[in-house]
2 protein chains.
Amino acid sequence: MSIALPPEVSERALQAFREVVGSDHVLTDPDQMREFRDPFWHLDWDDYEACAVVQPASVEEIQAIVRLANEHRVPLWTTSQGRNNGYGGSSPRVRGSVVVNLRRMNRVLTIDEELGFAEVEPGVSWFDLYSEIQARGYRLMLSCPDLGWGSVIGNTLDHGCTYLPYGVDFSAPCGLEVVLANGELLRTGMGAMPGNRAWHVYKRSLGPTLDQLFMQSNYGIVTKMGLWLMPYPETYMPIWVRAWNNDDLAPVIDTLRRLSLDDTIRMIPQVGNTIGFASFMTRRAQWWDGDGPIPDAVLDRMARELEVGRWMMRAALYGDEAVVDHRFAKVKAAFERIPGVEVWGTKTTPENAKNLTHPAERIQGGVPGLELNAMTGWYGGAEGSGGHVGFSPVAPLTGRDALTMRDLMRGLIEGKANLDYLGALLVVNARSFVHITLVVFDAANAQQARGAYDTSKLLVTEAAKHGYGEYRAHLDFMDLAADQYSFGDHAYRRFAETIKDAVDPNGILAPGKQGIWPASMRDGR
Amino acid sequence: MSIALPPEVSERALQAFREVVGSDHVLTDPDQMREFRDPFWHLDWDDYEACAVVQPASVEEIQAIVRLANEHRVPLWTTSQGRNNGYGGSSPRVRGSVVVNLRRMNRVLTIDEELGFAEVEPGVSWFDLYSEIQARGYRLMLSCPDLGWGSVIGNTLDHGCTYLPYGVDFSAPCGLEVVLANGELLRTGMGAMPGNRAWHVYKRSLGPTLDQLFMQSNYGIVTKMGLWLMPYPETYMPIWVRAWNNDDLAPVIDTLRRLSLDDTIRMIPQVGNTIGFASFMTRRAQWWDGDGPIPDAVLDRMARELEVGRWMMRAALYGDEAVVDHRFAKVKAAFERIPGVEVWGTKTTPENAKNLTHPAERIQGGVPGLELNAMTGWYGGAEGSGGHVGFSPVAPLTGRDALTMRDLMRGLIEGKANLDYLGALLVVNARSFVHITLVVFDAANAQQARGAYDTSKLLVTEAAKHGYGEYRAHLDFMDLAADQYSFGDHAYRRFAETIKDAVDPNGILAPGKQGIWPASMRDGR
């Protein structure tokens, strides 16, 4: 999908935007705009090129931009930091859209230590919020994702996982402020009542609750969000579970389900394969220079030499020391019933999390970082041209599903794309997991990149045959991923698009986001 | 709001409904319909009279009814069991509506012991689901509300509180099937993909998540829902905290916030005043036959003689015995720092919860009951004509807010309605509470009943001046409660009604529910 805006229309719109935000904040120079392009999309491909990037500094400027976009019929694509890497970065779904990037709106508006929440603007990154909590000396932990450069709001709106207890079922966000497509300003939940101090502490509205309607959607531009912060527990204990056999994945997952259901483990564990760990610790070339994917014998050697096993789980316990001690003993006993599996952990404090050596132990301790971004360098590493596509289906949390998913992913990625299988199971609650498949490739190699995207599309349809659907999709196969949700002859999509047409009749906000198109653009479906 | 359907139109519609569900399942006889009338609305008042009750037996019959309602322009009002007592029972907002009551759809479709969830139809009550779990011998606890006769789905859709750990932030429901106003069938979340087994275990969609959009709303008729069930913990321990002074409420709430934030208490505690407990243990006439509300000196005597204090908190701990022991010691030490406050509890097992004496200890143990319904008999008890209105604002979980709320409620209920103040703080998460004010009265006494409803309306506007909004409103002041959510010149309501008009253009589904009206009926606002 590409819009055919006559150049004079875009130019009139951009001129109007300049009057709102100032000329310095409307970027059209290709060098300035590169930063807001999907970093893993091959440089010669122009499928998702924006025509400009506009950076407003306030809610009022966003309202003005939205009104002008209606007037000029210019599609907007909102990004916060624009770090949606693996899913399209800051690129718009529709070529020629104007990216509205919100980095300049970067104020931490509130941190309430008594009730444990913050209120932030979209430009606030995980690093920013963490620093602000530290600067104020508050004893509050931030549930953060693997990479700290992203926006708290942007990551949340795309259903990004975070790893501390409030990451379970994405439970940290509470209460949004949203600029609607008509320029009106709405607050959700209790925030819809002027002066109501329960906006960021109570999760529902009187009437239908809208928070999740504005996530992974194109119904509005979120300008403020509440986020719950966890008071420091007495003890923080990162733990590790290592399994040496590829098929140990099944009993590891079944054990984890039982320990999560009974609340022994309450956070988001990540179970990664050998390459998952190797990819941020080492370079691929150290291990394998043959044709095609790394074979099992080499994987076994990597597992031993890096001491990461064929599958390793990172997790953590939080709470009073007595409770953590009890739980660790239980976790250790449960997993070590699986022959050969090892469990260890180190008790520390939230205050000390920032001093831990392993980046995962810092992240689970609420200290954001960037170390895990090294994964992307598995291919094309020396030139820094590595990229990845996130293919991320959801499954019930059973060992059977974990093996089915693993075999399906590995078979197609190795067999069709001739690439390595890098898998991490994010256990988002006690009943389900998201299998993050990082399809890693050299983005400078057009053929390899094309193969990675094509294979990802094949994965979408093959996974759907097994009843597995994506939790979040890359721009390049958003429509295909959405197509799989076809119950009732696509009743879900039809309903979502009925809402879209009603609340954004000109279709100016993020057309095509997660497969939801405005009426004017869905003829060719 | 009352519709002026010509009698021949209603009759044609009812005849069409009879052809769908059979004549026996279209009730028009006043004696049969009485059961589906707000039981606490004075018998001489006809503001919320339905013209008929239709009881379909299947999704297909609901689809047919919805299509016919569009054809005949007949407003429908859906109830499941119809036990929304205190908020309007099974009565419709718009006089002359047809009540679609779903009691006949009462199948428990799935109970999955491994993953801990059930799938139910709307006619399944808490009693039904509990019995079915017991009958199958599954070791799963059901987070249930105070009264077990209500529908699992109906209660959930109206944001009804349940008390076990999965009651926190209403976190048990997962995945809906919905008949839309156009007769289409939609499934939310992963259920939108045919054959996807993560429907009831993963909480979000690819794209905007709709589950909460169908709660407290009039966008569809929910026909199936997933509900999480908690595996039996080793130990279940109901606990009690008793405070003798009226102002102890503040330190009790502040202590509870700290113990909830640090995860020591993880369920929905209820902090009730003397009359709250007295009302289901005794009759009002035993204590007071003077004019007006019961004075403090008598309340102090009741507190002592019933051993319920001026405020008493019911709560519970769940988990391994070692963890429960640790937590109980911590709870006891924390609350007993408040002078005069006493804490006690009894360790038992989930299996034994059904044998406990106190109804609250059974409810917190997942065993539904009806004993607490006796509260309603505080006035008009001997004749069984007692009624109540639920006035239920939300506040941040602080001692300051608890006292402000208490003084506001008590002042107006005693001062304006000349009635007793019956208050219970439901602590729905670690950061907020819903102050359930049961405005109790004799429904057979028209003057007293009118006073109770009028006072409730006054409470709505007075609470809003303090920034407190209702979490759920009675039919009689739904519009007034919704009016208070006026941020952005009522942007929330306008957005909700924009969706309403798009997904239900004829406005046939529950017009006026929680203040959301279709275009054709909002002229007079």
Side-chain angles (χ1 to χ4, degrees), chain A residues 115-116 159 169 180 184-187 190-198 201-204 206-209 212-213 215-217 231 233 261-263 319-320 322-323 326 394-396 431-432 464 467 469-471 473 481-482 484-488 491-492 495-496 498-499 502-503 514-516, chain B residues 115-116 159 169 180 184-187 190-198 201-204 206-209 212-213 215-217 231 233 261-263 319-320 322-323 326 394-396 431-432 464 467 469-471 473 481-482 484-488 491-492 495-496 498-499 502-503 514-516:
Chain A
L115 289 162
H159 295 177
D169 278 318
L180 301 175
E184 290 189 9
L185 192 65
L186 171 147
R187 289 183 175 174
M190 293 292 121
M193 173 179 285
N196 189 314
R197 289 171 301 106
V201 295
Y202 177 77
K203 292 213 166 165
R204 300 221 171 168
L206 178 75
T209 300
Q212 291 179 17
L213 196 69
M215 299 182 183
Q216 285 202 357
S217 91
L261 280 170
D262 80 1
D263 216 32
D320 290 349
V323 173
H326 173 84
V394 179
R431 293 165 174 81
S432 63
E470 282 230 89
Y471 100 111
Q484 312 307 313
Y485 292 87
S486 62
F487 179 85
Y492 167 76
F495 187 82
T498 300
I499 293 177
V503 303
Q514 303 301 351
I516 310 298
Chain B
L115 288 162
H159 295 177
D169 278 318
L180 300 175
E184 289 189 10
L185 192 65
L186 171 147
R187 288 183 176 175
M190 293 292 121
M193 173 179 283
N196 189 314
R197 289 171 301 105
V201 296
Y202 177 77
K203 292 214 166 166
R204 300 224 171 167
L206 178 74
T209 300
Q212 291 179 16
L213 198 68
M215 299 183 183
Q216 285 202 358
S217 92
L261 280 170
D262 80 2
D263 215 32
D320 291 349
V323 173
H326 173 85
V394 179
R431 291 164 175 80
S432 63
E470 282 230 87
Y471 100 111
Q484 311 308 311
Y485 292 86
S486 62
F487 179 84
Y492 167 77
F495 187 81
T498 300
I499 294 177
V503 304
Q514 303 302 350
I516 311 297

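Naming: A, B, ... by sequence-line order, numbering from 1 per chain.
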Looking only at D262(B), L180(B), D263(B), the option with the highest number of non-hydrogen pairs under 4.5 Å against chain A is L180(B)

Between chain A and each of H159(B), M190(B), M215(B), count heavy-atom pairs under 4.5 Å; write down the option with the most.
-> H159(B)

Chain B heavy atoms under 4.5 Å from L115(A): which part of the residue, side chain, backbone, both or neither?
-> both

Look at A481(A), P231(A), A482(A), A322(A) and state which one has the largest set of heavy-atom pairs under 4.5 Å with chain B.
-> P231(A)

OH of Y485(B) to CG of N196(A): how many Å apart, nearest 0.5 Å?
-> 6.0 Å

Just by distance, do the side chain of S432(A) and the backbone of V201(B) share a donor-acceptor pair under 3.5 Å?
-> yes

Where the side chain of R431(A) meets the backbone of G116(B), is there a donor-acceptor pair that is under 3.5 Å apart?
-> yes

Highest number of heavy-atom pairs under 4.5 Å with chain B among G319(A), A473(A), A491(A) belongs to A491(A)

Using a cut-off of under 4.5 Å on heavy-atom pairs, state which of P233(B), G195(B), P194(B) scores highest against chain A.
-> P194(B)

Flag the one option from L213(A), V323(A), I499(A) with the top tally of heavy-atom pairs under 4.5 Å to chain B.
-> L213(A)

Which distance, rounded to the nearest 0.5 Å, do you find between the CD of E184(B) and the CZ of F487(A)?
-> 11.0 Å

Which of the residues A198(B), G488(B), S217(B), G207(B) is involved in the greatest number of heavy-atom pairs with chain A at under 4.5 angstrom?
-> G207(B)

Per-residue tally against chain A (heavy atom, under 4.5 Å) across T209(B), I516(B), V503(B) peaks at T209(B)

With no hydrogens and no angle check, is any side-chain donor or acceptor of Y492(B) less than 3.5 Å from a backbone partner on L206(A)?
-> yes

Go through K203(B), R197(B), Q514(B), Q484(B) and name the one with the most non-hydrogen pairs under 4.5 angstrom from chain A.
-> R197(B)

